[in-house]
Amino acid sequence: MKTHTQLKTLLPIFIVLFLCSCSQKEPYQLPKNAIELLAGESGKTWKIAWRYNDGVRMNMAGCFLSYRITYKPDMTVNDNNGEQDNCGPSLMGNWELITNKKSYLKLNSDQLPEIMNIKDTHKYFKILKITDDTLKLQYRHKQFSSKSTFIDTFVPEHIKVKDRDFHR
(Lines give C-alpha, C1' and ligand atoms only; values in the text may rest on other atoms or scores of the structure.)
Protein backbone atom coordinates (compact mmCIF):
# COMPACT_ATOMS: atom_id res chain seq x y z
CA MET A 1 0.00 0.00 0.00
CA LYS A 2 2.87 2.39 0.86
CA THR A 3 4.46 1.86 -2.57
CA HIS A 4 1.16 2.65 -4.30
CA THR A 5 0.80 5.92 -2.33
CA GLN A 6 4.39 6.90 -3.10
CA LEU A 7 3.81 6.20 -6.77
CA LYS A 8 0.67 8.37 -6.79
CA THR A 9 2.69 11.17 -5.16
CA LEU A 10 5.70 10.92 -7.45
CA LEU A 11 3.87 10.32 -10.72
CA PRO A 12 2.70 13.95 -11.20
CA ILE A 13 6.24 15.15 -10.51
CA PHE A 14 7.68 12.80 -13.15
CA ILE A 15 5.05 13.87 -15.67
CA VAL A 16 5.82 17.56 -15.14
CA LEU A 17 9.57 16.95 -15.44
CA PHE A 18 9.06 14.91 -18.59
CA LEU A 19 6.83 17.54 -20.21
CA CYS A 20 9.24 20.34 -19.32
CA SER A 21 12.21 18.50 -20.76
CA CYS A 22 10.33 17.68 -23.97
CA SER A 23 8.93 21.17 -24.53
CA GLN A 24 12.27 22.98 -24.58
CA LYS A 25 12.89 23.99 -28.17
CA GLU A 26 16.28 24.11 -29.77
CA PRO A 27 17.37 27.66 -30.62
CA TYR A 28 16.58 28.71 -34.17
CA GLN A 29 19.47 27.92 -36.50
CA LEU A 30 20.05 30.24 -39.42
CA PRO A 31 19.95 28.58 -42.83
CA LYS A 32 23.27 28.53 -44.70
CA ASN A 33 21.91 31.05 -47.22
CA ALA A 34 20.60 33.49 -44.58
CA ILE A 35 22.48 36.47 -46.04
CA GLU A 36 20.92 35.87 -49.46
CA LEU A 37 17.48 35.33 -47.91
CA LEU A 38 17.74 38.64 -46.04
CA ALA A 39 19.42 40.81 -48.68
CA GLY A 40 18.82 39.10 -52.02
CA GLU A 41 21.39 39.48 -54.77
CA SER A 42 21.30 43.28 -54.95
CA GLY A 43 19.11 44.31 -52.00
CA LYS A 44 15.80 43.22 -50.58
CA THR A 45 13.07 45.46 -49.22
CA TRP A 46 10.79 44.23 -46.43
CA LYS A 47 7.56 45.61 -44.95
CA ILE A 48 5.90 44.85 -41.62
CA ALA A 49 3.10 42.35 -42.02
CA TRP A 50 2.22 42.05 -38.29
CA ARG A 51 3.55 43.47 -35.05
CA TYR A 52 2.93 42.06 -31.60
CA ASN A 53 3.67 43.91 -28.36
CA ASP A 54 3.94 41.49 -25.41
CA GLY A 55 1.78 39.00 -27.29
CA VAL A 56 -0.94 41.48 -28.31
CA ARG A 57 -1.35 42.33 -31.98
CA MET A 58 -0.82 46.03 -32.56
CA ASN A 59 -2.86 48.32 -34.75
CA MET A 60 -1.16 49.09 -38.04
CA ALA A 61 -1.65 52.48 -39.60
CA GLY A 62 0.28 55.42 -41.01
CA CYS A 63 4.02 54.99 -40.55
CA PHE A 64 3.72 51.25 -39.88
CA LEU A 65 1.96 50.63 -43.18
CA SER A 66 4.35 52.76 -45.23
CA TYR A 67 7.52 51.50 -43.46
CA ARG A 68 10.07 49.70 -45.64
CA ILE A 69 13.55 48.52 -44.71
CA THR A 70 16.14 47.42 -47.25
CA TYR A 71 19.04 45.08 -46.48
CA LYS A 72 21.83 44.92 -49.05
CA PRO A 73 24.45 42.20 -49.59
CA ASP A 74 27.21 44.77 -48.91
CA MET A 75 25.91 44.67 -45.30
CA THR A 76 24.29 48.13 -45.43
CA VAL A 77 20.72 48.86 -44.37
CA ASN A 78 18.35 51.78 -44.77
CA ASP A 79 14.68 52.48 -44.25
CA ASN A 80 12.23 54.95 -45.73
CA ASN A 81 10.95 56.74 -42.61
CA GLY A 82 12.34 60.11 -43.69
CA GLU A 83 10.35 59.93 -46.93
CA GLN A 84 7.05 59.76 -45.00
CA ASP A 85 5.28 62.61 -43.19
CA ASN A 86 5.96 62.61 -39.43
CA CYS A 87 7.63 59.17 -39.36
CA GLY A 88 11.02 60.32 -38.10
CA PRO A 89 14.43 60.15 -39.72
CA SER A 90 15.51 57.41 -42.09
CA LEU A 91 17.86 54.82 -40.64
CA MET A 92 21.14 54.27 -42.45
CA GLY A 93 23.68 51.82 -41.11
CA ASN A 94 25.22 48.38 -41.30
CA TRP A 95 23.95 44.95 -40.42
CA GLU A 96 25.46 41.61 -39.55
CA LEU A 97 24.25 38.18 -38.58
CA ILE A 98 25.41 36.88 -35.21
CA THR A 99 25.16 33.23 -34.25
CA ASN A 100 26.08 31.73 -30.94
CA LYS A 101 23.49 29.78 -29.01
CA LYS A 102 20.83 31.90 -30.72
CA SER A 103 20.68 33.80 -34.01
CA TYR A 104 20.63 37.58 -34.13
CA LEU A 105 20.45 40.39 -36.63
CA LYS A 106 22.66 43.20 -35.34
CA LEU A 107 22.09 46.72 -36.64
CA ASN A 108 24.85 49.32 -36.26
CA SER A 109 24.17 53.03 -36.74
CA ASP A 110 25.01 56.30 -35.03
CA GLN A 111 21.29 57.10 -35.45
CA LEU A 112 20.02 54.26 -33.23
CA PRO A 113 20.23 56.18 -29.94
CA GLU A 114 17.87 58.83 -31.34
CA ILE A 115 15.61 56.53 -33.34
CA MET A 116 15.17 53.79 -30.71
CA ASN A 117 15.76 55.86 -27.59
CA ILE A 118 18.76 53.74 -26.53
CA LYS A 119 22.32 54.52 -25.47
CA ASP A 120 24.16 52.15 -27.80
CA THR A 121 24.85 52.58 -31.49
CA HIS A 122 23.87 48.95 -32.07
CA LYS A 123 20.75 46.88 -31.48
CA TYR A 124 20.26 43.11 -31.49
CA PHE A 125 17.13 41.52 -32.96
CA LYS A 126 16.62 37.82 -32.23
CA ILE A 127 15.82 35.98 -35.45
CA LEU A 128 12.86 33.67 -34.98
CA LYS A 129 12.52 32.80 -38.66
CA ILE A 130 14.05 33.71 -42.00
CA THR A 131 12.89 32.34 -45.34
CA ASP A 132 12.55 33.81 -48.81
CA ASP A 133 9.21 35.39 -47.87
CA THR A 134 9.32 35.78 -44.05
CA LEU A 135 11.57 37.57 -41.60
CA LYS A 136 10.42 37.28 -37.99
CA LEU A 137 12.33 39.29 -35.37
CA GLN A 138 11.97 39.61 -31.61
CA TYR A 139 13.41 42.48 -29.58
CA ARG A 140 12.98 44.49 -26.40
CA HIS A 141 12.13 48.15 -26.70
CA LYS A 142 11.07 50.81 -24.27
CA GLN A 143 7.75 52.12 -25.44
CA PHE A 144 6.06 54.76 -23.32
CA SER A 145 7.01 53.95 -19.72
CA SER A 146 7.98 50.28 -19.75
CA LYS A 147 10.02 47.83 -21.78
CA SER A 148 8.05 45.58 -24.05
CA THR A 149 8.89 42.53 -26.11
CA PHE A 150 8.02 43.06 -29.74
CA ILE A 151 7.74 40.43 -32.44
CA ASP A 152 7.69 41.84 -35.95
CA THR A 153 6.92 39.69 -38.96
CA PHE A 154 8.20 41.16 -42.22
CA VAL A 155 7.46 40.11 -45.78
CA PRO A 156 8.99 41.31 -49.07
CA GLU A 157 7.32 44.55 -50.12
CA HIS A 158 5.56 43.01 -53.16
CA ILE A 159 3.61 40.45 -51.09
CA LYS A 160 -0.02 41.28 -50.34
CA VAL A 161 -0.98 40.72 -46.69
CA LYS A 162 -4.64 40.27 -45.86
CA ASP A 163 -5.81 42.31 -42.83
CA ARG A 164 -2.48 44.12 -42.64
CA ASP A 165 -4.14 47.40 -41.70
CA PHE A 166 -5.56 45.73 -38.59
CA HIS A 167 -7.52 47.94 -36.18
CA ARG A 168 -9.40 46.91 -33.08
Side-chain angles (χ1 to χ4, degrees), residues 25 27-31 33-99 102-168:
K25 293 192 304 185
Y28 180 73
Q29 297 297 312
L30 288 177
N33 64 339
I35 291 174
E36 183 180 337
L37 292 171
L38 182 64
E41 291 182 20
S42 59
K44 190 169 183 180
T45 302
W46 300 83
K47 67 182 178 186
I48 300 173
W50 305 281
R51 172 172 279 180
Y52 285 83
N53 178 348
D54 286 333
V56 177
R57 185 167 176 195
M58 291 182 61
N59 291 333
M60 297 269 291
C63 296
F64 290 111
L65 291 176
S66 62
Y67 183 77
R68 302 292 186 271
I69 188 163
T70 302
Y71 297 92
K72 297 181 182 166
D74 67 359
M75 310 308 263
T76 60
V77 61
N78 65 283
D79 71 22
N80 69 337
N81 268 346
E83 300 167 20
Q84 313 303 318
D85 287 336
N86 300 314
C87 293
S90 288
L91 170 70
M92 290 178 282
N94 297 301
W95 65 272
E96 60 186 296
L97 297 178
I98 307 290
T99 55
K102 297 177 182 165
S103 300
Y104 293 93
L105 171 62
K106 180 182 178 186
L107 296 185
N108 300 291
S109 174
D110 291 338
Q111 297 172 287
L112 284 174
E114 175 190 354
I115 291 172
M116 295 200 75
N117 195 22
I118 59 176
K119 293 178 185 174
D120 297 319
T121 58
H122 64 273
K123 179 78 175 166
Y124 292 92
F125 298 82
K126 183 177 173 185
I127 301 172
L128 302 178
K129 180 179 182 179
I130 185 168
T131 64
D132 191 49
D133 62 2
T134 304
L135 173 62
K136 192 171 186 179
L137 303 174
Q138 178 181 358
Y139 60 100
R140 301 274 295 153
H141 180 58
K142 185 174 184 182
Q143 183 178 29
F144 309 116
S145 62
S146 63
K147 270 202 168 181
S148 297
T149 300
F150 289 88
I151 296 179
D152 288 346
T153 302
F154 292 85
V155 296
E157 68 175 339
H158 68 277
I159 291 181
K160 302 278 188 243
V161 178
K162 185 180 178 199
D163 197 27
R164 185 168 171 257
D165 58 348
F166 167 79
H167 293 283
R168 290 186 214 232

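When reading the values below, keep in mind they use all heavy atoms of this one structure, side chains included, and skip hydrogens, waters and symmetry mates. A quick note: this is a predicted structure, and the numbers were derived from the prediction, not measured.
- Sorted by first then second residue, the salt bridge (charged side-chain N to carboxylate O under 4.0 Å, His left out) pairs that include residues 66-82, not counting sequence neighbours, are Arg68-Glu157.
- Side-chain contact between Leu105 and Trp95: present, with at least one pair of heavy atoms (C-beta onward) separated by less than 4.5 Å.
- Side-chain contact between Leu137 and Ile151 is absent, with no heavy atoms from C-beta onward closer than 4.5 Å.
- Counting only residues at least two apart or on different chains, the disulfide bond (SG atoms under 2.5 Å apart) pairs with a member in residues 36-93 are Cys63-Cys87.
- Taking Glu114 as the reference, Pro89 meet the side-chain contact (heavy atoms from CB on, under 4.5 Å) condition, with sequence neighbours excluded.
- Among residues two or more places apart in sequence or in another chain, the side chain to side chain donor-acceptor pair (under 3.5 Å) test is passed with Thr149 by Arg140.
- Looking at Lys47 and Asp152, no side-chain N of the basic residue comes within less than 4.0 Å of a carboxylate O on the acidic one, giving no salt bridge.
- Across all non-hydrogen atoms, the minimal contact from Phe154 to Ile48 is CE2-CG1, 3.4 Å.
- The shortest non-hydrogen separation linking Ala49 to Arg164 is O-CG, 3.7 Å.
- By the side chain to side chain donor-acceptor pair (under 3.5 Å) test, Asp133 pairs with Thr131, sequence neighbours left out.
- Asn108 is not listed as a side-chain neighbour of Thr121, based on a closest heavy-atom distance of 4.5 Å or more.
- Between Tyr28 and Ile127, some side-chain heavy-atom pair lies under the 4.5 Å cut-off.
- At a threshold of 4.5 Å between non-hydrogen side-chain atoms, the residues Tyr71 and Leu135 count as touching.
- The backbone N or O of Ser66 sits less than 3.5 Å from a side-chain atom of Asn80, completing a donor-acceptor pair.
- Summarising the local packing, NZ of Lys129 is surrounded by 12 or fewer heavy atoms from other residues, nucleotides or ligands at distances under 6.0 Å.
- Counting non-hydrogen atoms of neighbouring residues, nucleotides and ligands closer than 6.0 angstrom, the CG atom of Asp120 exceeds 12 such neighbours.
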Show the atom names and distances, to 0.1 Å, of all donor-acceptor pairs under 3.5 Å that link a side chain in residues 34-44 to residues at least two apart or in another chain.
| from | atom 1 | to | atom 2 | distance (Å) |
| --- | --- | --- | --- | --- |
| Lys44 | NZ | Leu37 | O | 2.9 |
| Lys44 | NZ | Asp132 | O | 2.7 |
| Lys44 | NZ | Asp132 | OD1 | 3.3 |

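- With hydrogens and angles disregarded, no donor-acceptor distance shorter than 3.5 Å links the side chain of Arg57 to the backbone of Trp50.
- Met92 and Gln111 get closest at one heavy-atom pair: N-OE1, 2.7 Å.
- Applying the side chain to side chain donor-acceptor pair (under 3.5 Å) rule to Thr45 yields the partners Thr70; only residues at least two apart in sequence or on another chain are considered.
- Pairs engaging residues 81-93 under the side chain to side chain donor-acceptor pair (under 3.5 Å) rule: none recorded [sequence neighbours left out].
- Not a single donor-acceptor pair under 3.5 Å links the side chain of Ser148 to the backbone N or O of Phe150.
- Val77 has its side chain within reach of Leu107: a pair of non-hydrogen atoms, C-beta onward, lies under 4.5 Å apart.
- Legend: residues meeting side-chain contact (heavy atoms from CB on, under 4.5 Å) with Met116, ordered by chain and number and at least two apart, are Leu112, Ile118, Lys123, Phe125, Tyr139, His141.
- Evaluation of the side chain to side chain donor-acceptor pair (under 3.5 Å) rule for Asp54 yields no partner, not counting sequence neighbours.
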